[in-house]
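To keep things clear, I will list the structure first and then write my remarks on it.
Just so you know, these numbers come straight off a predicted model, no measurement behind them.
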Amino acid sequence: MSGASLLQKASAAVLAVLARAVTGVRPIWAGTSPNGPLRIYFANHASHGDFILVCTCLHLAERGRTAAVAGADYWNAGPVRRFIAGRLLRTVLVERNWVERRVDPMEVMLAALDAGESLIFFPEGTRNMTEEPLLRFRSGLYNLAAARPEVELVPCWIENMSRVLPKGAFLPIPLLCRVVFGAPLKLENGEDRKVFLDRARVALLALAPRKDGTPQ
Amino acid sequence: MSDDTTCLFLGLVAVLSVASLVAAILSWRSPKPLPSTLDNLNARIKAWWIMVTGISVAFVFGKGGVILLFAFVSFAALREYVTLTNTRRADRWTLLGMFLIVIPVQYYLIWIDWYGLYSIFIPVYCFLAMPALTALRGDTSRFLERVSEQQWGIMLSVYCLSHVPALVTLPIPGNEGRGLLLIAFLIATVQGSDVLQYIFGKLFGRHKVAPAISPSKTWEGLIGGIASASLMGAGLYWLTPFSPLEAGVLAALACIMGFFGGLVASAIKRDRGVKDWGHMIEGHGGMLDRADSLVFAAPVFFHIVRYAWT
């Protein structure tokens, strides 16, 4: 893995302009600053627009070294998706299917981190189509935290993107969005997998606005 | 550009320069860090410079420029409004239609000056088509609530606001080619009234008009602001086809409507538990925080002028 290609830089810039035009997205830095060490941004996931929104909120230098972790089974299906995920966007593709996969997702993600890339990671593992605000976290976040304890885990709550561009929709509805970046987490010494995943999930949920729409 | 336009522009620059100077002196003499009121004042004045620049650029391009500007204002206002409403997946096509069809069509009808259609396109055709489309999608959960919210949004953010550029199309005898100045008159008095109400309220405000809705609206601010803005409107009669007295009365009416616009907007925000509509304009909040008074003032001003002067 190397830095972003010219095409990737250009498409990231274009997407950032589009994301701002449609959603007026604004980052809220609640507990951390835009500049920091290598990071894993873990976020709620309900829309293809999610990682574009997170990217748009990052400073240019950080955006240049940040890639989104995405499902290889989805993004390698068909030439258009392959072009988007492989050439246009900065993605780290992992195979989600236990049975058929040839490469261990952990190896792929750790290789990206070791190459100096920050990751955008959706610990729910798939887009959330339920009425629940957040699904149960899969183990990936714990495994990453355990393998690279020096990397900051920054929770990012993405607000409204699921209304702008829900699963299966092509045209986005213009609505205001925000991305709330919370205080970074680290795996405690000897912390149990389930305890850690619960703690991370609660930390992410805590960034969500209350039911009546007011931010916290 | 006519001499009157130049006068108006220079006048605005002078007012803003004085405001910036006063704010700079206050900031310089105040203890650091600046109190939040002063911080907000500085942000507001800075935003005013940007807004006045934007409106001036639109005016340079004439009717087309002003129509495009307000189509954009409608877009931003509707986006803020819809963000605060209950939307469901079944509303997708209606919502997309509001942004992609209703806004362009309404402003195009104003561009081609088709009064007979632009005055009923939203209150008749969209009023009926939008709930029909929503019903076709089959989701009845909170149906009435969703449909009403959409109607309100499209009326406030698109229909009402579009009456500002529509002023340019009014065929007032003896006012040919000066329609843009009528728009400038309306914007200057209504926005001036907002600013003056804010200043009078901050200086003398004691008795709240509607404590349950807005803590910042006081009788002192309301009366002082509207009276002074009406006087200012009378003083701006040279922009309009009106006499000084007529200009003052119309300005007072527009400012009173503007006050109600702000009050209703505050009630909606209070209902949804937010302080501002958005964050587009630094120091002011969202587009609707700045345009709420214009939303209520524009259609009434338009129809009175249309009835009495054409």
Other residues, nucleotides and ligands only: do more than 12 of their heavy atoms fall within 6.0 Å of CZ on Arg136(A)? no

Flag if over 12 foreign heavy atoms under 6.0 Å of NZ, Lys275(B): no

Which pair of heavy atoms, one from Arg92(B) and one from Pro166(A), lies closest together, and at what distance? NH1-CD, 3.0 Å

For a quick test of reading the model, state the closest non-hydrogen atom pair linking Arg163(A) to Thr87(B) and the distance between them. NE-OG1, 3.0 Å

Turns out that what part of Phe75(B) lies under 4.5 Å from chain A's heavy atoms comes down to side chain

Any chance CD1 of Ile112(B) has more than 12 other-residue heavy atoms, nucleotides or ligands included, within less than 6.0 Å? yes

Selection from His279(B), Arg88(B), Glu80(B), Met98(B) maximising heavy-atom pairs under 4.5 Å formed with chain A: His279(B)

Which atoms of Trp277(B) come close to chain A, meaning under 4.5 Å heavy atom to heavy atom: side chain ones, backbone ones, both, or neither? backbone

Looking at Phe260(B), I'd like to know if its CZ atom is crowded, meaning that more than 12 non-hydrogen atoms belonging to other residues, nucleotides or ligands lie closer than 6.0 Å. no

Taking side chain as everything from C-beta outward and backbone as N, CA, C, O, which of these in Thr23(A) sits under 4.5 Å from a heavy atom of chain B? Side chain, backbone, both or neither. backbone

Restricting to non-hydrogen atoms, name the atom on Arg20(A) and the atom on Arg79(B) that form the minimum distance, rounded to 0.1 Å. O-NH1, 3.7 Å

Can you tell me if Tyr198(B) has over 12 outside heavy atoms packed within less than 6.0 Å of its OH? yes

Between the main-chain N or O of Leu176(A) and the side-chain N or O of Thr83(B), is there a donor-acceptor pair closer than 3.5 Å? yes

Separation between CG of Leu175(A) and CG of Leu84(B), rounded to the nearest 0.5 Å: 10.0 Å

Is it the case that over 12 heavy atoms from other parts of the model lie below 6.0 angstrom from the NZ atom of Lys194(A)? no

Heavy-atom proximity to chain A below 4.5 Å, by part of Leu100(B): side chain

Look at atom CZ of Arg138(A) and say whether more than 12 heavy atoms of other residues, nucleotides or ligands are closer to it than 6.0 Å. no

Can you tell me if Trp49(B) has over 12 outside heavy atoms packed within less than 6.0 Å of its CH2? yes

Just verifying a value: how many Å separate Leu95(B) CG and Ile173(A) CD1, rounded to the nearest 0.5 Å? 4.5 Å

